[in-house]
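Here's the structure, in structure tokens; my notes come after.
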Protein chains: 2
Amino acid sequence: MSPRRRATQVDIARAAGVSQATVSLVISGGHGSEQVAEHTRTAVLDAATRLGYSVNTAARSLKGGRNHILGLYTFESVFPTDQRDFYYPFLLGVERATAEVGYDLLLFSSVTPGPRRIYSDGINRLKVADGCVLLGRQVDHADIAELVRDDFPFVFVGRRELPGTELSYVAPDYGTATRDLVLRLTGLGHRRLAYLRPDDDQEPTRDREAGFRAGVADAGLPDQPVHALPVGSSPPVEQVFDLLSEPLTTLLATWRADGVTALLVDPGENDRTIAVLEQVATRAGVRIPGDLSVVVLGEPSPPLSARGADAALVSTRDWSRFTLPREGLGRAAVHLLLDLLDDGGPARQLTVPCVPVEGDTVGPPASVAG
Amino acid sequence: MSPRRRATQVDIARAAGVSQATVSLVISGGHGSEQVAEHTRTAVLDAATRLGYSVNTAARSLKGGRNHILGLYTFESVFPTDQRDFYYPFLLGVERATAEVGYDLLLFSSVTPGPRRIYSDGINRLKVADGCVLLGRQVDHADIAELVRDDFPFVFVGRRELPGTELSYVAPDYGTATRDLVLRLTGLGHRRLAYLRPDDDQEPTRDREAGFRAGVADAGLPDQPVHALPVGSSPPVEQVFDLLSEPLTTLLATWRADGVTALLVDPGENDRTIAVLEQVATRAGVRIPGDLSVVVLGEPSPPLSARGADAALVSTRDWSRFTLPREGLGRAAVHLLLDLLDDGGPARQLTVPCVPVEGDTVGPPASVAG
DNA sequence: ACCGGGCCCTAATTCACATTAACTACCGGC
DNA sequence: GCCGGTAGTTAATGTGAATTAGGGCCCGGT
């Protein structure tokens, strides 16, 4: 049997006795359809069905049309095993929203992360989709710049900034969520707060800290101490405890001496500060929340594996905190992307509120309670 | 600022003082590169780098006929909440294998919820991909027939058969796995076996039973009893126990009377036979494996939800069984699909061995042990 | 000189589709 | 009968890259 060629619009045109242009008008639906007589329309659709036609997306996107495909590019594996629980809701949100608006979702897995080579299939592979949702932490700035230069529509999940350009993104509103937590604490009577954050320089870290300062100001308090801990993602899990326990013990003593009654902890990306803090506090006889109220500005990292050194550094307490609206972020990203596609406007940003979790690590300050 | 167009091969050609064809030869590497003088080569590559060139894959696939996109179509939702744990490994396998071979993965979600059809408006969406992996139980036969007619390359995960046509699929080798379990039991000294299966007429059910009969024959035993239980997916969970406990109690008594020392249970798709059997056996004072060895031909169904009537029908025993190589099936499907694409040959099938799990519900027969 | 034959390179074509200007009937108004 | 409008269709063009047939050019052999 001959290798049967896929049917093209020309084939349909021939079969229906019209021109290829007419076929295109009918197939692309919407706009052009109104200019085509009904009987021609049905004749064309008939022939299309008969010949098993389907559009060639390559040709369509070459010409600049719509594919009804949204891309999802992740800077890590799309179905990561380790972080499955973390990424899954994002995927879910993106997939569902995509389906709801009648698009298909293209997972870009073929693009290898890391230093991109121009002459291999690069990131411009994204262009087979109408637009793209980008997900992941290890962002390659050069790639992004290239996308911007190409004027390709994309939306980040998570706040991203690139000097000199406006990027589109959806981001959790860490700032407001943190501010609200500060106000909750001050509302309970806390007057001396401490703030603990990783020593990185990421956007989310800055947002939270800004929220903290804003909350402190709103509550009419003077500036409160902020401490940065060296918790880059680099140290192996085995060393994390040794690395953190000493500085945390020292800080704990200082706070007690200074009359600090509440602590806000930015959990960073992958760090184990919370777990170490819990152990250090127990050892020092500091009860949470009896002696010290603690809130987590996000979600404590889940264990990377179910056992081993890492599992020991996972806390099981029900921390007072807020959570990321992960599925909501995925959905919002899709909708923002569609907006961009429709009006071709400038980059825009969207924030989605975080969800507060009551938890049981917050109480009134000791001086008030006692 | 003018909307800066991205660089094309023509631009590079102009910059390097050569023709577009030469640029193509250099960029595409491999074949043509050998025909291009070294200094021309470097000049072209230079210009390409300078202009920030990258290939337009849309154009490339237009010409080449390949999109480098594999589709994944599921007859149920791609990310179902309750079956997440079941489907996830398939997705993982498909995604990883797809990435490894340099393809992207297109999830067909645009199709309306409910019973999913491939040909919705008469036009086949799947064809935007080079080929497609199909996943799910509720298969629409008309759609499949249409795909076959269109000569569209696809591979099923799970054994599928359509009268009159050969379909491509990858399937777990239930037959061999079941046979091996029979031989393990007879190797331990069991001489009277019983076999329990759902009363459906699905391929996997038949495969297992055939494996059972083969094993029995291989062991030199006469035919052993086979019982079908009415466990279609229809009855609501609340009634399952009532429905099954009586016939199982009766069967159990019969087996005991007949000297049956080992039981093989086909767990079907969604059924709770194992859990009911466990409860009934306990009530009747039959110890597993002391009085009766039991093997499960697959994996006991996970609970649909964490609590409620359903959770009570989930067994926590470590049944002797075999498991589906789910990620492996996903991977195998992708590779089989690629083979089909490359040689355009006829449909073919692939079986993947199941993984035996030791478990603790098998022992020597009582008469031997005692 | 002329021819033959590699070696590099180019012009032209092809791929499937979208878009647009133009063209053809057809019809009503005057 | 002419003008002008409109609905329906078409021919032509553009999109970026791959491929192929062939065309210069140089060099060695005769």
Side-chain angles (χ1 to χ4, degrees), chain A residues 3 5-44 48 51-69 118-122 124-125 127-128 130 150-152, chain B residues 3 5-44 47-48 51-69 123 127-128 130:
Chain A
R5 220 172 35 88
R6 270 181 52 175
T8 73
Q9 293 191 345
V10 174
D11 301 324
I12 299 179
R14 199 160 19 229
V18 298
S19 76
Q20 173 264 325
T22 305
V23 176
S24 175
L25 286 178
V26 172
I27 298 294
S28 310
H31 285 330
S33 270
E34 302 149 4
Q35 311 175 14
V36 178
E38 190 52 32
H39 73 275
T40 313
R41 242 183 73 80
T42 54
V44 168
L51 298 180
Y53 170 82
S54 75
V55 301
N56 179 327
T57 45
R60 179 172 276 182
S61 46
L62 216 209
K63 185 59 185 179
R66 286 275 184 98
N67 265 337
H68 279 244
I69 293 178
I118 287 180
Y119 304 112
S120 61
D121 282 359
N124 69 304
R125 179 120 178 81
K127 281 195 84 175
V128 309
D130 292 339
D150 283 355
D151 211 22
F152 181 76
Chain B
R5 232 170 26 89
R6 63 185 305 174
T8 72
Q9 292 192 348
V10 175
D11 300 326
I12 299 179
R14 198 159 22 227
V18 298
S19 75
Q20 174 265 326
T22 305
V23 176
S24 175
L25 287 177
V26 172
I27 299 295
S28 311
H31 280 333
S33 268
E34 302 148 4
Q35 312 175 12
V36 178
E38 189 53 32
H39 74 275
T40 314
R41 243 182 71 81
T42 56
V44 168
L51 298 181
Y53 171 82
S54 63
V55 186
N56 181 330
T57 48
R60 176 174 282 179
S61 20
L62 213 212
K63 179 64 181 173
R66 287 275 185 97
N67 260 335
H68 281 249
I69 292 178
I123 289 174
K127 289 190 186 165
V128 308
D130 292 338

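Proteins come first, then strands; the chains are lettered A, B, ... in the order of their sequence lines, and each starts at number 1.
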Could you check how far [atom1] of [X] sits from [atom2] of [N], rounded to whole Å?
X	N	atom1	atom2	result
L62(B)	dG16(D)	CG	C1'	8 Å
Y53(B)	dG16(D)	OH	C1'	7 Å
D11(A)	dC15(C)	CG	P	11 Å
I27(A)	dA18(C)	CD1	C1'	13 Å
Q9(A)	dT13(D)	CD	P	19 Å
N67(B)	dG16(D)	CG	C1'	15 Å
R66(A)	dA18(C)	CZ	P	13 Å
I12(B)	dA18(D)	CD1	P	11 Å

For this session: Look at the side chain of K63(B) and the base of dG16(D), then say whether one donor and one acceptor between them are separated by less than 3.5 Å.
Result: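 It does not, because no donor-acceptor pair links the side chain of K63(B) to the base of dG16(D) below 3.5 Å.
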Can you name the closest pair of heavy atoms from [X] and [Y] and give their distance?
X	Y	result
T40(A)	V18(A)	CG2-CG1, 3.8 Å
A13(B)	Q20(B)	CB-N, 3.6 Å
A15(B)	L51(B)	CB-CD1, 4.2 Å

For nucleotides 6-10 of chain C, list the nitrogen or oxygen atoms of the protein found under 3.5 Å from its nitrogen or oxygen atoms, one pair per line.
residue : atom : partner : partner atom : Å
dC9(C)  : OP1  : T40(B)  : OG1          : 2.1
dC9(C)  : OP2  : A37(B)  : N            : 2.8
dC9(C)  : OP2  : T40(B)  : OG1          : 3.2
dT10(C) : OP1  : S19(B)  : N            : 3.4
dT10(C) : OP2  : S19(B)  : N            : 2.9
dT10(C) : OP2  : S19(B)  : OG           : 3.0
dT10(C) : OP2  : T22(B)  : OG1          : 2.4

For this session: For R14(A), check side chain to side chain contact (heavy atoms under 4.5 Å, CB included) against everything at least two apart and list the hits.
Result: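 R14(A): side chain to side chain contact (heavy atoms under 4.5 Å, CB included) contacts with V10(A), D11(A).
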For this session: Using the test side chain to side chain contact (heavy atoms under 4.5 Å, CB included), find all partners of S19(B) that sit at least two apart in sequence or belong to another chain.
Result: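 Checked S19(B) against side chain to side chain contact (heavy atoms under 4.5 Å, CB included); matches are A21(B), T22(B).
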Exercise. Does any non-hydrogen side-chain atom of Y53(A) lie less than 4.5 Å from one of R6(A)?
Worked result: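 Sidechains of Y53(A) and R6(A): no contact.
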For this session: Report yes or no: does D130(A) contribute a side-chain atom to a donor-acceptor pair with the main-chain N or O of N67(A) at less than 3.5 Å?
Result: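 At least one qualifying donor-acceptor pair exists.
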Problem set entry | Divergence of helical axes at both termini of the helix from dA1(C)-dT30(D) to dC30(C)-dG1(D) - five pairs an end, 10° steps |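 Comparing the first five pairs with the last five, the axes sit 70° apart.
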Exercise. About how many Å separate CD1 of I12(A) and CD1 of I27(A), when rounded to the nearest 0.5 Å?
Worked result: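 Going from the CD1 atom of I27(A) to the CD1 atom of I12(A) covers 5.0 Å.
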Problem set entry | Presence of R60(A) side-chain N/O under 4.0 Å of dA18(C) phosphate oxygens OP1/OP2 |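 Yes, because at least one side-chain N or O of R60(A) sits under 4.0 Å from OP1 or OP2 of dA18(C).
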Exercise. Think S24(B) has a side-chain N or O under 4.0 angstrom from the OP1 or OP2 of dA18(D)?
Worked result: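 Answer is yes, contact under 4.0 Å.
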Which atoms of nucleotides 22-26 of chain D (N or O only) lie under 3.5 Å from a protein N or O atom, and what are those distances?
none

When the side chains of residues 58-65 of chain A are checked against the rest of the protein, which donor-acceptor pairs come out under 3.5 Å, sequence neighbours left out?
residue : atom : partner : partner atom : Å
R60(A)  : NH1  : R66(A)  : O            : 3.3
S61(A)  : OG   : T57(A)  : O            : 2.8
S61(A)  : OG   : A58(A)  : O            : 3.3

Problem set entry | With N56(A) via side-chain hydrogen bond (donor to acceptor under 3.5 Å, both in side chains) - residues at least two apart |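 Here no residue qualifies.
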